[in-house]
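Following: one structure in structure tokens, then a few remarks.
Counting from 1, the numbers follow the sequence of the chain as shown.
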Amino acid sequence: MQLSEQEIIRREKLSKLKELGINPYPANLFPVNHTSKQVKETFEEGKKVIVAGRLMSVRDQGKASFAELQDAEGRIQLYLNRDVICLDEDKTLYNQVFKKLIDLGDFIGIEGELFTTQVGAKCIRVSNITLLSKTLRPLPLPKVDEEGHVFDAFTDPELRYRMRYVDLVVNPQVKDVFVKRTKLFTAMRDFFNRAGYMEVETPVLQSIPGGAAARPFITHHNALDIPLYMRIANELYLKRLIVGGFDGVYEFAKNFRNEGMDRTHNPEFTVMEIYVAYKDYNWMMEFTENLLEYCALQVNGTTESNFGEHNINFKAPYARVTMTDAIKQFTGFDITGKSEQEIFKAAKAMGIDVNETMGKGKLIDEIFGEKCEGNFIQPTFITDYPKDMSPLTKEHRDNPELTERFELMVCGKEIANAYSELNDPIDQRERFEAQMALSERGDDEAMFIDQDFLRALEYGMPPTSGLGIGMDRLIMFLTNNPSIQEVLFFPQMRPEKPAPTFELSAEEKIIVGILEKNENRFDLVQLKLEAGLSGKKWDASMKNLAKHGLTSVEVNGDNKTVVLK
């Protein structure tokens with residue numbers, strides 16, 4: 001393992017601590033009795049406190065120092081005086097341990113009493129300090145000059161997502177997002193529980209990936225010698241529970257879809273699905289808008305939330321627009337009564353990328369997604385979807401070409417999907433068979449036929465309405481985060497590139513940095529211009545990078561592209 005200079009120094013300090021008889025990783029309990037927040041909220045002059053956390057800054061003033069300690073609740077200022085910490089002649093704890101062997105980022109425990117400094121700051125006068133955990137890597141702490149300008153901030157998204165543990169330490173505002181995420185789940189549970197509905201759990205590994213149109217992840221069960229699928233939805237299992245006699249069930253589920261990744265999609269994501277017997281989609285619309293109004297208030301203290309340039313208001317009620325009217329409004333095309341071929345031609349004429357594997361429902365979905373979705377900024381229910389788009393939804397009571405379904409759109413994105421659930425087993429079998437026909441045409445997102453679910457329906461399911469909410473997307477809107485990676489502790493990342501086995505020169509770092517900013521590929525001529533190196537340094541750097549297998553050059557006619565491996 002190649003260590004930086006700072007890492008080598010910290011390991012040397014580790015050895016010196018052990019030589020002094022100090023265990024840098026003690027096993028015994030440290031008796032914390034206050035957090036930084038509690039210290040500030042219950043502050044009393046002279047009060048004895050015991051706190052613990054990371055040492056985040058030190059201002060050395062010789063025989064005394066001011067420092068900042070960061071715990072789970074925030075930061076508190078410390079005052080360390082050599083003669084208070086070291087009452088006898090031996091000043092090792094202050095002069096050697098604190099000033100020379102403890103680093104920023106180390107976990108320490110503090111005993112002391114509260115006092116107010118001459119400038120009015122609430123502070124702990126330290127009487128004893130205990131090293132609780134020695135850090136071997138320096139934190140990327142930002143620096144602030146006298147004018148308040150921040151330098152060396154830890155802002156690179158890939159590093160932040162890959163090392164979320166560092167991100168949470170040095171960017172405290174990131175933690176607030178995840179605190180609000182937990183508040184959202186708590187609020188939603190509270191809303192459901194007060195309504196009398198029960199939280200349940202259903203299988204993650206499924207023999208048939210049902211409940212949605214999506215490409216699944218596949219694995220193999222050795223003992224049973226069968227393929228299994230990571231669930232793409234929990235819908236069909238929750239409906240089985242309604243068949244079994246529950247009036248209302250809900251689940252916060254981790255779902256997995258083997259599809260693309262972007263700012264609003266992660267292959268592993270969280271949804272909430274709820275099913276309530278004897279209800280329909282009209283009831284569920286009112287239930288949903290009341291739910292989201294309640295959740296917004298619990299998370300942010302207001303129904304309003306900023307998202308980019310938009311101010312969203314989650315206060316009920318929400319607008320309702322049929323899908324047919326939405327497509328007609330934004331394209332001028334009326335899908336009513338149109339054949340699959342007519343819709344295909346219309347989509348092509350609109351410049352939408354469609355192909356022959358797509359059935360009528362998917363074609364309509366593409367038209368709506370491309371031409372309509374982005375126009376709905378405030379919470380809006382899009383209702384009455386064509387039957388071909390909704391194989392698990394009950395036929396509309398007034399129009400057999402439509403279904404009783406709605407999606408909730410916010411800022412051009414779907415965050416909720418709900419049905420009057422299809423409970424006719426014969427109709428459901430025909431819908432599944434139509435999906436299988438699409439699969440045979442090449443649609444790899446078409447649904448499987450779940451024979452056991454059909455059997456369950458044959459035992460009878462009462463009229464039911466179901467709702468699914470994308471929890472990750474909802475918290476994006478409630479915290480003004482345009483990227484799903486910002487609201488997941490550990491978003492899926494590409495495998496980390498192995499660290500080079502040699503030290504890059506300053507010139508080589510410039511070249512590598514340019515390549516990384518351009519998705520690891522860049523035109524050779526443009527790269528040389530942007531690097532701004534002399535001919536000699538350019539040649540030496542490129543030769544050394546290629547020698548160590550970090551770069552290669554692809555030649556296509558007269559064009560040469562440098563690739564970072």
Determine whether more than 12 heavy atoms belonging to other residues, nucleotides or ligands lie under 6.0 Å from atom CG of Asp353. no
Practice task
Indicate yes or no: at least one non-hydrogen side-chain atom of Glu458 is less than 4.5 angstrom from one of Arg429.
Solution key: yes
Stepwise ring-ring contact (aromatic ring centres under 6.0 Å, His included) check, Tyr197 with Phe192
CA-CA 6 Å; Tyr197 307 136; Phe192 295 151; 7.1 Å; no
CZ/Arg194: more than 12 non-hydrogen atoms of other groups inside 6.0 Å: yes
Would you say that more than 12 heavy atoms from the other residues, nucleotides or ligands in this model lie under 6.0 Å from the CZ of Phe43, or not?
yes
request  = State whether the number of non-hydrogen atoms from other residues, nucleotides or ligands found under 6.0 Å of Lys345 atom NZ is greater than 12.
outcome  = no
So OG of Ser390 and CD of Glu407: to nearest 0.5 Å the spacing works out to 8.0 Å
If you measure from the Lys or Arg side-chain nitrogens to the Asp or Glu carboxylate oxygens, is any gap between Glu404 and Lys279 under 4.0 Å? no
- Query: Looking just at side-chain N and O atoms, do Arg215 and Asn258 make a donor-acceptor pair shorter than 3.5 Å?
  - Reply: no
If you measure from the Lys or Arg side-chain nitrogens to the Asp or Glu carboxylate oxygens, is any gap between Lys394 and Asp424 under 4.0 Å?
no
So does Glu158 have more than 12 non-hydrogen atoms from other groups sitting under 6.0 Å from CD?
-> no
Are Asp156 and Arg160 close enough for a salt bridge, meaning some N to O gap below 4.0 Å?
-> no
Taking Lys175 for the side chain and Ala72 for the main chain, is one N or O donor matched with an acceptor at less than 3.5 Å? yes
Validation row: Leu292, Leu474 side chains within 4.5 angstrom (heavy atoms)
yes
Close aromatic pair by centroid cut-off 6.0 Å: Phe252 and Phe185: yes
Original post:
Are Leu392 and Leu422 side-chain neighbours, meaning at least one heavy-atom pair lies under 4.5 Å?
Top reply: no
Practice item. For the pair Lys371 and Thr331, evaluate side chain to side chain donor-acceptor pair (under 3.5 Å) and give the outcome as yes or no after the intermediate values. Key: CA-CA 7 Å; Lys371 300 298 181 180; Thr331 71; over 6 Å; no
When rounded to the nearest 0.5 Å, the distance separating CG of Asn171 from CG of Asp176 is 11.0 Å
Counting distance only, does the side-chain N/O of Glu421 pair as donor-acceptor with the main-chain N or O of Gly466 below 3.5 Å? yes
Practice item. For residues Leu228 and His220, determine if any side-chain heavy atom of one lies less than 4.5 Å from a side-chain heavy atom of the other. Key: no
Kindly indicate whether the side chain of Glu373, heavy atoms from C-beta on, has any atom under 4.5 Å from the side chain of Met409. yes
Basic-acidic side-chain contact under 4.0 Å: Lys239, Glu235:
yes
Item to complete: Answer with yes or no whether the side chains of Thr35 and Asp71 bring together a donor and an acceptor at under 3.5 Å.
Response: no
dist Phe246:CZ -> Thr464:OG1 (nearest 0.5 Å) comes out at 13.5 Å
Heavy-atom neighbours of Lys47 NZ exceed 12 at 6.0 Å:
yes
Does the side chain of Gln485 pick up a donor-acceptor pair with the side chain of Ser483 at under 3.5 Å?
yes
*Are side-chain heavy atoms of Phe381 and Glu289 found at a separation under 4.5 Å?*
yes
*For the rings on Phe178 and Phe489, is their centre-to-centre separation under 6.0 Å?*
yes
* Check for a donor-acceptor pair, side chain of Thr380 on one end and backbone N or O of Phe376 on the other, with a separation under 3.5 Å. => no
Any side-chain heavy atom of Tyr229 sitting closer than 4.5 Å to one from Ile208?
-> no
Practice prompt. May I ask you to check whether over 12 heavy atoms, not counting those of Lys40, lie within 6.0 Å of atom NZ?
Written response: yes
**Prompt:** So does Lys387 pair up with Glu395, basic N to acidic O under 4.0 Å?
**Reply:** yes
Closest heavy-atom pair, Gly359 versus Glu340, reported as atoms and distance to 0.1 Å, is CA-OE1, 4.0 Å
| query | With a cut-off of 6.0 Å (strictly less than), are more than 12 heavy atoms of other residues, nucleotides or ligands near CD of Gln451? | reply | yes
Are Asp167 and Arg164 close enough for a salt bridge, meaning some N to O gap below 4.0 Å?
yes
Quick one: does any side-chain atom of Arg473 pair with a main-chain N or O of Glu414 as donor and acceptor, under 3.5 Å?
yes
Self-check item: Ionic contact status for Arg240 with Asp452, cut-off 4.0 Å
Solution: yes
Are Phe191 and Tyr250 an aromatic pair, judged by ring center distance below 6.0 Å?
no
A cation-pi test, strictly: NZ or CZ of Lys360 under 6.0 Å from the centre of the six-membered ring of Phe344 and no more than 45 degrees from its axis. Yes or no? no
- Report yes if some heavy atom in the side chain of Val276 is under 4.5 Å from a heavy atom in the side chain of Asp247; otherwise report no. no
Quick note, salt bridge (Lys or Arg N to Asp or Glu O under 4.0 Å) partners involving residues 300-313, not counting sequence neighbours, are none
